[in-house]
Q: 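Next up is a structure, given as structure tokens.
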Number of protein chains: 2
Amino acid sequence: MNISTKFPVAVHTLILLSVSEPGTATSEFIASSVNTNPVVIRRITGMLGRAGLVEARAGVAGSRLRRPLEDITLLDVYKAVNAVGEGELFAVHDSPNPNCEVGRNIQAAMNPIFIEAQRAMERVLENTTVAAVAGDVSQLEGLGGLEALAAICPPAPAGTSEAPGRE
Amino acid sequence: MNISTKFPVAVHTLILLSVSEPGTATSEFIASSVNTNPVVIRRITGMLGRAGLVEARAGVAGSRLRRPLEDITLLDVYKAVNAVGEGELFAVHDSPNPNCEVGRNIQAAMNPIFIEAQRAMERVLENTTVAAVAGDVSQLEGLGGLEALAAICPPAPAGTSEAPGRE
DNA sequence: TTTATTGAAACCATTGTAGTTACATTCCAT
DNA sequence: ATGGAATGTAACTACAATGGTTTCAATAAA
């Protein structure tokens, strides 16, 4: 069991948007960095768009950030892509036996704890911005910061799988 | 996406064990309270057994607690049934493009935060004992405590689905 | 008007969960 | 000892979710 990779892919996407020249971050380019299909990326940018984090228009190349990464928390992204539904991290078995004292009350007894546990997890995400993640990326790369990263990230890298190419 | 119901079912099972007379908590009885198949219960008691929380012997009816519920945290149960693997609550997309600065470092940048978020969630589970959940169950029932519950919980309740019965 | 791109629908392969059947093994009571 | 009941396990099925893929209409820019 694990949470959908839509979440980290969305973060990856936002970081790429922040370091890309306008009009260059197409779904195909992003897909080549994530190493997936452009449609998968469009599905995600669609969700990010509906959440107001990103903007794109049919026919015009690239998505654009609508807020600086400093103003986007991981929780914003997590919710935008619906990584885990509200109060749905844990599931209690449904229809336990109502004729048994335990079966009758187990759901009500467990739910508050499950909610609290999920909240604790989400609070950690809330306390980290995408900018912080981007900072870690550039740190790992041994660079000074986002600006430096922007200068180096290749506009159309060769994919590990089938390279989309720009012929 | 949500975590397997094995987890709440295991908690449900432990509470039943604590309020049942020795030899009466068979997989069939527990299944009738949880409203599932006895094999599902045996799979879970098997895992609880391997974790040292419970004991059962082939041929002899019922599982027995090996520790009081006060000494079993929800985290113990969660781990016993492998609700979420170690550091596996979140998954990062694998094989991002290594030719891109972002693709090359995104995993390392996100992982620590994911680990921390999972830990925060698990800490909440660690701070609650199964006894506390059992207490909530009996509170909801308007009873005094576990003892009272034990006296009332029917030995072989009629299931919501097919009743196993004791003919 | 041509071309590139987004947005969205539809479909498929893979995976994981839970339910189910079946059966060998073990123990207890007669 | 023998029969009945329960556990432990393997194998199979149904179902849902995920991610990848193909396809195409709509849009916009050159």
Side-chain angles (χ1 to χ4, degrees), chain A residues 1-10 13 22-31 34-50 54-64 81-85 88 90-96 156 159 161-162 164-167, chain B residues 1-10 13 22-32 34-50 54-64 81-85 88 90-95 156 159 161-162 164-167:
Chain A
M1 178 334 282
N2 47 31
I3 291 169
S4 166
T5 56
K6 280 202 293 274
F7 177 31
V9 168
T13 297
T24 64
T26 64
S27 62
E28 183 161 348
F29 163 67
I30 296 168
V34 170
N35 190 24
T36 184
N37 192 292
V39 176
V40 172
I41 299 299
R42 277 181 245 149
R43 277 205 276 252
I44 288 171
T45 53
M47 293 176 117
L48 295 174
R50 260 166 261 133
V54 139
E55 184 184 32
R57 279 159 56 211
V60 38
S63 300
R64 285 160 296 288
V81 301
N82 197 28
V84 177
E88 290 176 359
F90 295 89
V92 186
H93 51 297
D94 57 330
S95 55
S161 50
E162 17 69 85
R166 21 74 215 258
E167 62 278 336
Chain B
M1 176 335 280
N2 46 31
I3 291 169
S4 165
T5 55
K6 280 201 294 274
F7 178 31
V9 169
T13 297
T24 65
T26 64
S27 61
E28 184 161 347
F29 164 65
I30 296 168
S32 82
V34 171
N35 191 23
T36 184
N37 192 292
V39 176
V40 172
I41 299 299
R42 278 181 246 150
R43 276 204 279 254
I44 287 171
T45 53
M47 293 176 117
L48 294 174
R50 262 165 260 132
V54 139
E55 184 183 32
R57 280 160 56 211
V60 37
S63 300
R64 285 161 295 288
V81 301
N82 197 29
V84 178
E88 289 176 0
F90 295 90
V92 186
H93 49 298
D94 57 330
S95 55
S161 51
E162 16 69 86
R166 24 84 216 245
E167 61 278 336

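Letters A, B, ... are given to chains in the order of the sequence lines, protein chains preceding strands, and every chain is numbered from 1.
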Q: What is the distance, to the nearest angstrom, from the CD1 atom on Ile30(A) to the P atom on dG20(D)?
A: 15 Å
Q: Got a second to check how far Arg43(A)'s CZ is from Asn37(A)'s CG, nearest 0.5 Å?
A: 8.0 Å
Q: Just how far, in rounded Å, is P of dT6(C) from CG of Leu48(A)?
A: 14 Å
Q: Just how far, in rounded Å, is C1' of dG7(C) from CD of Glu28(A)?
A: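 Rounded to the whole Å, the gap is 16 Å.
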Q: So, for Phe90(B) and Asn2(A), which heavy atoms are closest and what is the spacing to 0.1 Å?
A: C-CB, 4.3 Å
Q: Would you check if Thr5(B) and Pro8(B) make a side-chain contact, meaning some heavy-atom pair closer than 4.5 Å?
A: yes
Q: What does the list of N/O pairs under 3.5 Å between the protein and nucleotides 11-18 of chain C look like, with a distance for each?
A:
unit_1  : atom_1 : unit_2  : atom_2 : d
dA18(C) : OP1    : Ser4(B) : OG     : 3.1
dA18(C) : OP1    : Thr5(B) : N      : 2.7
dA18(C) : OP1    : Thr5(B) : OG1    : 2.5
dA18(C) : OP2    : Ser4(B) : OG     : 2.8

Q: Rounded to the Å, how far apart are Asp94(A) CG and dC15(D) C1'?
A: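 In whole Å, dC15(D) C1' lies 14 Å from Asp94(A) CG.
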Q: Is there side-chain contact between Val81(A) and Leu48(A), with heavy atoms separated by less than 4.5 Å?
A: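 A side-chain contact exists here, since the closest heavy-atom pair is under 4.5 Å.
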Q: In whole angstroms, how far is the C1' atom of dT7(D) from the CD atom of Glu55(B)?
A: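 So the CD-C1' distance, Glu55(B) to dT7(D), works out to 13 Å.
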Q: Using nucleotides 24-28 of chain D, report all nitrogen or oxygen pairs with the protein that are shorter than 3.5 Å.
A:
none

Q: Please report the interatomic distance OG1(Thr36(B)) to CG(Asp94(A)), rounded to the nearest 0.5 Å.
A: 10.0 Å
Q: His93(B) has an atom NE2; how far is it from atom P of dT18(D), in whole Å?
A: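 Rounding to the nearest Å, NE2 of His93(B) and P of dT18(D) are 17 Å apart.
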Q: Looking at Ile44(A), Ile41(A), Val40(A), which hits side-chain contact (heavy atoms from CB on, under 4.5 Å) with Val34(A)?
A: Ile41(A)
Q: NA contact type, Ser27(A), heavy-atom cut-off 4.0 Å: base, sugar-phosphate, or nothing?
A: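 Touches sugar-phosphate only.
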Q: When rounded to the nearest 0.5 angstrom, what distance separates NE2 in His93(A) from CG in Asn35(B)?
A: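 With rounding to 0.5 Å, NE2 (His93(A)) is 8.5 Å from CG (Asn35(B)).
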Q: A side-chain contact here means heavy atoms from C-beta on lying under 4.5 Å apart; do Val39(A) and Arg42(A) qualify?
A: yes
Q: Might you point out which heavy atoms bring Gly62(B) and Ala56(B) nearest each other, and give the distance in Å?
A: O-CB, 4.2 Å
Q: Rounding to an integer number of Å, can you tell me how far Asn37(B) CG sits from dT21(C) P?
A: 7 Å
Q: Rounded to whole Å, how long is the line connecting atom CD1 of Ile41(B) with atom C1' of dT9(D)?
A: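 So the two atoms are 16 Å apart, to the nearest Å.
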